[in-house]
Amino acid sequence: MADLLAAYLIVGDDELRQQKALEKLKSYIPEKAQDFDLNRFDATEALDIDELSASLNAFPLMADKRLVIIEHGEKLSKEIQEALIVYLKNPLETTILALASLKLAKNTRLYKAFQAISASSIVELQSKKAWQMPQYAQKLAASLSLTLDSFAAQELVSRLGTSTILIESELKKLQLMYGEGQTITKKIIEEQVARVEEVKPWDFTAALSERNLIKALDLYQQMRTQSELVLLSMSLSRIRELMVAKALEQRAQAHRLAEVLGMQAWQIKNHQAWQANFTMEELTEALVSAADCEQKLKSQADKSSIFLDWLLNVLREA
């Protein structure tokens, strides 16, 4: 058996890597011994402090060490936290404690108790930033012998959010449905993956930029918390960006877009394609008509109808 520590705090919101870390620890307990020398506790349920203490202090029966896993550590009661702090001052050499938690502040006594075991006892597993998730999804798809194009990856993340477990689960489902070697398109994602993540405003502005009226209306209907004034403001920001992109394109200076807008390259990677969906006159008209829309939104009650009228006028085909 590898030289394992007495305790591990596996902390962070990357749930998929967290589960894989736990599976790695679990692999050190022979399968035939797991019924005797592996105990799992879930902090979302009421934990019995005596049962947990007995598990931590029991000696292994069929393996060299026992493994005690506590999941959802962010839900631990104060009583259980205190019991773990006491245990970690003098942990049993033949027991491995693994606490998996989405978050635990570094200034807490429990965090410091794990840290006192060894710096290596802390396993930080933070998920990637939202803008990094589509590329992560593509790599995960490749590991499953699937090809996920960039548009499909963005749609997948839009629907599932940043949950790595959900993303892996849906990709595995698609692998079973379509087989290895399949290219997963945006259309397949739209047809087969249910939306569990609330629509973000930038998903809406992307649909507006694509001049995709049906998609924009669908996303708008699914948005539960954004006000029409906020959506209008974000839409206007995007329209101004597209006007700049179009103006630079006309001057053969498209390469200066990130510099002129003061944005990162990844933030404007679709702007050149989007600006081609509109004429400069259409973008200008959208900007002018927004002023009237804003006044109505501030003074009239039926904000949804007012905003949708503006949206329909902007996205209607010439």
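Values reported hereafter were calculated over all heavy atoms of this structure, with side chains retained and with hydrogens, waters and symmetry mates removed.
- Judged as a salt bridge (Lys or Arg N to Asp or Glu O under 4.0 Å), the pairs with a partner in residues 246-259 (not counting sequence neighbours) are, in order, Arg256-Glu259.
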With side chain to side chain donor-acceptor pair (under 3.5 Å) as the test, would you mind laying out the steps for Asp218 and Gln222 before giving the verdict? CA-CA 7 Å; Asp218 179 55; Gln222 295 181 58; 2.9 Å; yes
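- Linking Ile, Leu, Val, Met, Phe, Trp and Tyr residues whenever their side-chain heavy atoms come within less than 4.5 Å leaves Ile268 and Met234 in two separate clusters.
- For the pair Leu174 and Leu148, the minimum side-chain heavy-atom distance is 4.5 Å or more.
- Judged purely by atom type and a 3.5 angstrom limit, Gln250 has no side-chain atom pairing as donor or acceptor with the backbone of Ala247.
- When every heavy atom of Leu236 is checked against every heavy atom of Ala286, the shortest pair comes out as CD2-O, 4.4 Å.
- Rounded to the nearest 0.5 Å, atoms CD1 (Ile165) and CD (Gln18) are 7.5 Å apart.
- Remark: the backbone N or O of Gln295 is paired with a side-chain donor or acceptor of Ser299 at under 3.5 angstrom.
- From Leu125, atom CG reaches atom OG of Ser101 across 11.5 Å, with rounding to the nearest 0.5 Å.
- Applying the side-chain hydrogen bond (donor to acceptor under 3.5 Å, both in side chains) rule to Gln192 yields the partners Tyr178; only residues at least two apart in sequence or on another chain are considered.
- You'll find the side chain of Asp37 stays beyond 4.5 Å of the side chain of Leu67, heavy atoms only.
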Does the salt bridge (Lys or Arg N to Asp or Glu O under 4.0 Å) test come out yes or no for Glu23 and Lys20, once each step is laid out? CA-CA 5 Å; Glu23 287 301 314; Lys20 288 183 176 180; over 6 Å; no
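- In this structure a side-chain-to-backbone donor-acceptor pair under 3.5 Å is missing from Gln182 to Gly179.
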For side chain to side chain contact (heavy atoms under 4.5 Å, CB included), just list the numbers for Lys128 and Thr162, CA-CA rounded to whole Å, side-chain angles, deciding distance to a tenth of an Å, and then say yes or no. CA-CA 8 Å; Lys128 296 181 181 299; Thr162 58; over 6 Å; no
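- The side-chain heavy atoms of Leu308 and Ser304, taken from C-beta on, include a pair separated by under 4.5 Å.
- A side-chain donor-acceptor contact under 3.5 Å links Gln132 to the backbone of Lys129.
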Between side-chain atoms of residues 115-123 and protein atoms elsewhere (two or more places apart, or another chain), which donor-acceptor pairs fall under 3.5 Å?
residue : atom : partner : partner atom : Å
Ser118  : OG   : Ser120  : N            : 3.0
Ser121  : OG   : Ala7    : O            : 2.9

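- Note on residues 199-210: pairs passing side-chain hydrogen bond (donor to acceptor under 3.5 Å, both in side chains), not counting sequence neighbours, are Ser158-Asp203, Glu197-Lys200, Ser209-Arg238.
- Residues that satisfy the salt bridge (Lys or Arg N to Asp or Glu O under 4.0 Å) test with Glu31, not counting sequence neighbours, are absent from this structure.
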Going by atom type alone, with no hydrogens or angles, which donor-acceptor pairs under 3.5 Å involve a side-chain atom of residues 79-88 and a protein atom two or more places apart or on another chain?
residue : atom : partner : partner atom : Å
Gln81   : NE2  : Leu76   : O            : 3.2
Glu82   : OE1  : Arg109  : NH1          : 3.0
Glu82   : OE1  : Arg109  : NH2          : 3.4
Glu82   : OE2  : Arg109  : NH1          : 2.6
Tyr87   : OH   : Leu92   : N            : 3.2

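- Glu74 places a side-chain N or O within 3.5 Å of a backbone atom of Leu102 that can act as its donor or acceptor partner.
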Where do Leu52 and Ile70 land on the side chain to side chain contact (heavy atoms under 4.5 Å, CB included) test, with the steps shown first? CA-CA 9 Å; Leu52 177 59; Ile70 306 175; 3.9 Å; yes
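- Checked against salt bridge (Lys or Arg N to Asp or Glu O under 4.0 Å), Lys26 has no partners two or more places apart in sequence or in another chain.
- Listed by first and then second residue, the ring pair (Phe, Tyr, Trp, His ring centres under 6.0 Å) pairs involving residues 95-143 are Trp131-Trp266 (not counting sequence neighbours).
- Rounding to the nearest 0.5 Å places NZ of Lys106 at 14.5 Å from CG of Leu110.
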Under the side chain to side chain contact (heavy atoms under 4.5 Å, CB included) rule, what do Leu232 and Cys293 come out as? Steps first, then yes or no, please. CA-CA 8 Å; Leu232 181 65; Cys293 179; 4.1 Å; yes
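- In terms of heavy-atom proximity, Gln138 sits nearest to Asp149 at NE2-C, 3.6 Å.
- For Arg240, there are no salt bridge (Lys or Arg N to Asp or Glu O under 4.0 Å) partners, not counting sequence neighbours.
- Between Arg66 atom CZ and Ser55 atom OG the span is 4.5 Å, to the nearest 0.5 Å.
- Nearest approach of Pro60 to Ala63, heavy atoms of both residues: CB-O, 3.2 Å.
- With Thr164 contributing its side chain and Leu16 its backbone, the two residues share a donor-acceptor pair below 3.5 Å.
- To the nearest 0.5 angstrom, Leu56 atom CG is 5.5 Å from Leu97 atom CG.
- Between Leu160 and Val196 there is a side-chain heavy-atom pair separated by less than 4.5 Å.
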Glu241 vs Leu261, test: side chain to side chain contact (heavy atoms under 4.5 Å, CB included). Steps then yes/no. CA-CA 7 Å; Glu241 292 167 9; Leu261 291 177; 4.1 Å; yes
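- Here ring pair (Phe, Tyr, Trp, His ring centres under 6.0 Å) pairs that include residues 34-83, with residues two or more places apart or in two chains, number zero.
- Proximity of Leu104 to Leu9: side-chain heavy atoms (C-beta onward) are separated by under 4.5 Å at one or more points.
- Linking ILVMFWY residues whenever their side-chain heavy atoms come closer than 4.5 Å, directly or via other members, places Ile184 and Met133 in the same cluster.
- Proximity of Lys298 to Leu229: side-chain heavy atoms (C-beta onward) are separated by under 4.5 Å at one or more points.
- The list of ring pair (Phe, Tyr, Trp, His ring centres under 6.0 Å) pairs with a residue in residues 269-294, not counting sequence neighbours, reads His271-Trp274.
- Considering every non-hydrogen atom in both Ile189 and Arg159, the closest pair reads CG2-CD, 3.9 Å.
- Across Ala137 and Leu156, no two heavy atoms sit closer than the pair CB-CD2, 4.2 Å.
- For the salt bridge (Lys or Arg N to Asp or Glu O under 4.0 Å) test, no residue two or more places apart in sequence or in another chain qualifies with Lys24.
- From Leu38, atom CG reaches atom CE of Met62 across 13.0 Å, with rounding to the nearest 0.5 Å.
- Put simply, the side chain of Gln34 gets close to the backbone of Ile29: a donor and an acceptor are under 3.5 Å apart.
- Heavy-atom minimum distance, Ser235 versus Trp310: CB-CH2, 3.8 Å.
- Between Glu155 and Lys187 the shortest side-chain heavy-atom distance does not fall below 4.5 Å.
- Counting non-hydrogen atoms of other residues, nucleotides and ligands closer than 6.0 Å to NZ of Lys186 gives a total above 12.
- At least one side-chain heavy atom of Leu219 sits less than 4.5 Å from a side-chain heavy atom of Lys215.
- For Leu176, the CG atom is densely surrounded, since the number of other residues' heavy atoms within 6.0 Å is greater than 12.
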